[in-house]
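Just the heavy atoms: all of them, side chains too, but no hydrogens, waters or symmetry mates, feed the values below. Read the numbers this way: they start at 1 and go in the same order the structure lists the ligands and their atoms. It should be emphasised that the depicted structure is a prediction, and the values quoted were computed from it without experimental measurement.
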Amino acid sequence: MPENVQAPPSAGRQRILSLQSHILQGEANAPGSTGEFTWILSAIALAAKAIAYKVRVARIEDVLGDHGGSNVHGETQQKLDVIANEFVMSCLGSRPSIAVVASEEDDEPTLLRKGADGGKYCVVFDPLDGSSNLDVGVGVGTIFSILKNDPNVHGAVETLCQPGTKQVAAGYVLYGSSTVFVLTTGNGVDMFVLDPAIGSFILVKSQLKIPAGGKIYSVNEANRRTFPDGFGKYLDWAQTQGYSSRYIGSFVADVHRTLLKGGVFLYPPTRKNPEGKLRLMYEANPIAMLMEQAGGKGITGSAVGRILEIQPTSIHQRTSVVVGSADEVDNVARHLS
Ligand code: FDP
């Protein structure tokens with residue numbers, strides 16, 4: 001730079017980019033973009049900040065423990081499940097670009113707009129995954145998936161029953177020692193951390209890649225006797241190869257570790273849950289999209305197929321899950337076939 005020209009204020013300094021600016025930047029580069037997508041992500045980010053705060057003060061405000069009801073899956077709802085669900089619903093409900101929303105906690109999806117009034121997108125979410133861990137201060141998370149709305153398809157369930165390959169965006173927010181927002185809009189994976197002092201999610205890693213391998217498996221090994229044989233064979237093999245075992249029991253927290261350190265997370269079919277325990281649309285699809293976008297893989301344990309290609313027949317359906325580093329998912333698949 002010539003001596004008489006002053007350097008711009010940002011020259012030589014690290015750039016600070018918020019989630020909002022990052023999305024706006026992406027939209028500016030997408031021809032014909034209307035900005036509607038930004039509104040949806042900002043609603044999710046707002047809900048996430050409110051949930052992050054509630055999770056931090058839950059013990060003080062006495063909102064830990066059972067709510068007294070159970071959700072559509074027959075699971076006991078925690079007070080914070082209900083609070084988080086309301087936060088996300090109220091933040092998303094006011095966005096005119098959303099046609100249908102569905103929460104893991106609710107029996108039926110909510111049709112917000114239809115026909116000519118229909119918004120462009122649908123949002124499916126699990127407001128507080130891993131909530132049975134809340135009382136003991138373990139990391140929990142919100143998971144979301146964004147799909148396009150087809151105005152020619154009538155009925156909320158029919159609209160939502162799209163395979164994971166049709167997701168236009170997916171992500172999770174981990175409420176752990178820091179609040180981390182991990183997002184894909186189909187062009188790689190970006191990671192943001194909430195700076196509580198300024199109330200913004202700040203970009204900390206762009207184009208995040210999962211390590212190709214990693215000798216860590218993450219599974220509830222207490223269920224091992226009821227897994228299909230191939231999973232037992234894989235575990236026997238992994239133990240002879242010097243693998244470590246890590247299982248938090250909170251999907252978002254286990255997935256986050258797997259994404260950053262490599263390895264594989266498994267929730268196979270069990271006697272109690274022959275289809276697997278995790279929900280296809282609220283949990284498996286968004287995480288499989290993130291894993292693939294980060295260079296990893298996501299398959300079901302049963303038919304050894306790609307999770308994202310499953311055609312959902314109901315919005316609450318479950319699936320078995322094997323997600324993580326590409327080489328490690330292949331190692332599992334090798335023992336299943
Ligand atoms: P939780 O029941 O605490 O909500 O799908 C829910 C989930 O947690 C996942 O977050 C977690 O990975 C899994 O269930 C844990 O299941 P197990 O207790 O059967 O291992």
Check ligand 1 for close polar pairs with the protein: N or O on both sides, less than 3.5 Å.
unit_1: ligand 1; atom_1: 2 (O); unit_2: K277; atom_2: NZ; d: 3.1
unit_1: ligand 1; atom_1: 3 (O); unit_2: S132; atom_2: N; d: 3.3
unit_1: ligand 1; atom_1: 3 (O); unit_2: S132; atom_2: OG; d: 2.5
unit_1: ligand 1; atom_1: 4 (O); unit_2: G130; atom_2: N; d: 3.3
unit_1: ligand 1; atom_1: 5 (O); unit_2: R279; atom_2: NH2; d: 3.2
unit_1: ligand 1; atom_1: 5 (O); unit_2: E283; atom_2: OE2; d: 2.9
unit_1: ligand 1; atom_1: 10 (O); unit_2: D129; atom_2: OD1; d: 3.3
unit_1: ligand 1; atom_1: 10 (O); unit_2: D129; atom_2: OD2; d: 2.8
unit_1: ligand 1; atom_1: 10 (O); unit_2: F251; atom_2: N; d: 2.8
unit_1: ligand 1; atom_1: 12 (O); unit_2: F251; atom_2: N; d: 3.3
unit_1: ligand 1; atom_1: 14 (O); unit_2: K277; atom_2: NZ; d: 2.9
unit_1: ligand 1; atom_1: 16 (O); unit_2: K277; atom_2: NZ; d: 3.0
unit_1: ligand 1; atom_1: 19 (O); unit_2: Y267; atom_2: OH; d: 2.6
unit_1: ligand 1; atom_1: 20 (O); unit_2: N220; atom_2: ND2; d: 2.8
unit_1: ligand 1; atom_1: 20 (O); unit_2: Y247; atom_2: OH; d: 2.6

inquiry  = Ignoring hydrogens, what is the shortest heavy-atom contact between C161 and P312? Give both atom names and the distance.
reply    = CB-O, 3.6 Å
task = State whether the side chain of T142 and the backbone N or O of Y172 hold a donor-acceptor pair below 3.5 Å, judged by distance alone.
result = no
inquiry  = Regarding D330 and K297, does a basic nitrogen lie under 4.0 Å from an acidic carboxylate oxygen?
reply    = yes
request  = Please indicate whether R59 has more than 12 foreign heavy atoms, meaning atoms of other residues, nucleotides or ligands, lying under 6.0 Å from its CZ.
outcome  = no
task = Would you please indicate if the ring centroids of F227 and Y267 are separated by under 6.0 Å?
result = no
query = Regarding N223 and T270, is there a side-chain donor-to-acceptor distance under 3.5 Å anywhere?
reply = no
